[in-house]
Amino acid sequence: HMLHQAHLNQTDEWFLGLVLYTGSFILDFFDGYFARLFHQSSDFGAVLDMVTDRVSTMLLLVVLCTFYPEHFSWYALLAALDYSSHWVQMYAAKAHHKTSNQDKNFIVRFYY
């Protein structure tokens with residue numbers, strides 16, 4: 001199928017994928033940072049941000065499963081860990097996972 005054929009033809013282009021994924025991560029960070037800085041954030045925007053983050057991560061893992069099916073178990077574990085850790089963080093905080101709270105563990109504050 002199409003994704004597998006693209007993988008076979010461009011196996012040396014992993015660096016481009018890494019750059020694009022890193023760029024997406026950086027843009028997502030600054031989008032949220034400036035929204036909070038300029039008080040342009042909303043509950044809807046926070047949920048939309050989290051949903052698009054989770055969907056994009058899951059899609060990346062699906063693509064990796066297509067290219068490297070022998071590592072399916074690891075990708076499934078990463079998907080479950082990503083989804084569950086964000087759900088637990090939101091549930092524990094009773095708010096969006098990026099809500100500022102100085103009582104949080106410093107590792108959690110750094111990550112979010």
So, the side chain of Ser24 versus the backbone of Leu20: is there a donor-acceptor pair under 3.5 Å, distance only? no

For the [atom1] atom of [X] and the [atom2] atom of [Y], what is their distance to the nearest 0.5 Å?
X     : Y     : atom1 : atom2 : result
His86 : Met50 : NE2   : CE    : 5.5 Å
Glu70 : Tyr75 : CD    : OH    : 7.0 Å
Phe25 : Thr57 : CZ    : OG1   : 10.0 Å

Which is it for Leu59 and Val63 under the side chain to side chain contact (heavy atoms under 4.5 Å, CB included) test, yes or no, and what are the steps along the way? CA-CA 6 Å; Leu59 287 174; Val63 169; 5.6 Å; no

Over 60° means perpendicular and under 30° means parallel, so classify the ring planes of Phe30 and Phe34, tilted if in between.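 Correct class here is parallel.
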
Are [X] and [Y] connected, step by step, through hydrophobic side chains (Ile, Leu, Val, Met, Phe, Trp, Tyr) whose heavy atoms are closer than 4.5 Å?
X     : Y     : result
Phe29 : Ile26 : yes
Leu78 : Tyr21 : yes
Phe72 : Tyr83 : no

Considering only heavy atoms from C-beta outward, does the side chain of [X] approach that of [Y] to under 4.5 Å?
X     : Y     : value
Leu48 : Thr52 : yes
Trp74 : Leu61 : no
Leu27 : Asp31 : no

Do you know the tightest heavy-atom contact between Ser42 and Gly45?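 Looking at all heavy atoms of both residues, the shortest contact is OG-N, 3.0 Å.
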
